[in-house]
Peer 1: 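Encoded as structure tokens, here's the structure I'll be asking about.
What you are looking at is a predicted structure, and each value in this text was computed from that prediction instead of being measured. Counting convention: from 1, in listed order, for ligands and their atoms alike.
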Amino acid sequence: MNNSRIIVALDYATADQALKFINRLEPASCRIKVGKELFCRSGPALVEKLVRLDFDVFLDLKFHDIPNTVAQACRAAADLGVWMMNVHALGGSKMMEAACSALAGQAQRPLLIAVTVLTSLDEHDIKAVGLSGSTVQNVERLALLARHAGMDGVVCSPQEAAVLRKSIGDEFCLVTPGIRPAGSTQDDQRRVMTPHEAIHSGADYLVIGRPITAASDPMHALMTIKAEIETAVV
Ligand code: C5P
């Protein structure tokens, strides 16, 4: 059984590139994330192929629409055999409840995760879209709304993980991108944490892209990060 807490972001433009990379990873050593670009280019066929290769797939399409449309989209994604998928909490309680109901009764129910506030939005952007309060207040409120709607967890920045873990308890899944092993380049990420710090802050799963995908030996990079998080206090 896969108990890895690392989700490798498969940020490639084509199925060929993604599969070439995937060949260098062991399915049991990580999970993988397929986002909008790869999905729009390579579609459900690639997701099904990755599932057939025994990878746990996080389908990161961030659904946000009326409840019925999101419910049907979630059912369709679940039929692909994905392990995790997500929707925007700003779609509201009814939308999230519809998504949860759509997955109830699935033989292997995927984890359903909410996006609270995109980490690309700063305090000014948040006010401009009409939300009052600080970023962290909005994140906390939306995470609680997601939990009450029956969602399994949220995607959040590692900085928000500690606050959420305290206010929302242990049974809620926290998925954090923005992870950089000590000494590695930040790329375009601004507020990063090391894998050890993120786990220590309460994260359950770490989404990590370039520190693994751009490494000359991805399996070695992955195993080094795994060893690092095993030393974190959880
Ligand atoms: O290469 P890197 O580790 O920065 O990749 C992080 C992954 O997590 C990318 O797929 C990125 O789109 C995603 N992500 C993020 N920040 C968010 C939400 C998702 O970096 N707030």
Peer 1: Drop me the distance from Leu80's CG to Leu50's CG, to the nearest 0.5 angstrom.
Peer 2: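 The CG atom of Leu50 is 11.0 Å from CG of Leu80, to the nearest 0.5 Å.
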Peer 1: Considering the options Leu61, Val57, Leu103, which one meets the side chain to side chain contact (heavy atoms under 4.5 Å, CB included) requirement together with Met85?
Peer 2: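 Looking at Leu61, Val57, Leu103, the match for Met85 under the side chain to side chain contact (heavy atoms under 4.5 Å, CB included) is Leu103.
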Peer 1: Answer yes or no: are there more than 12 heavy-atom neighbours, outside Lys36 itself, under 6.0 Å from its atom NZ?
Peer 2: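 It does: Lys36 NZ has more than 12 such atoms within range.
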Peer 1: So which pairs with a foot in residues 22-31 pass salt bridge (charged side-chain N to carboxylate O under 4.0 Å, His left out), sequence neighbours left out?
Peer 2: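 Listed by first then second residue: Arg31-Asp56.
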Peer 1: Can you list every protein residue that has a heavy atom under 4.0 Å from any atom of ligand 1, sorted by chain and residue number?
Peer 2: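 The answer is Ala9, Asp11, Lys33, Thr119, Pro177, Arg180, Gln189, Val207, Ile208, Gly209, Arg210, Pro211, counting any residue whose heavy atom sits under 4.0 Å from ligand 1.
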Peer 1: Under 30°, 30 to 60°, or over 60°: which ring-plane class applies to His88 and His64, parallel, tilted or perpendicular?
Peer 2: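 The rings of His88 and His64 sit tilted, inter-plane angle from 30° to 60°.
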Peer 1: Please step through salt bridge (charged side-chain N to carboxylate O under 4.0 Å, His left out) for the pair Arg165 and Asp204, ending with a clear verdict.
Peer 2: CA-CA 10 Å; Arg165 186 53 77 211; Asp204 294 293; 2.6 Å; yes
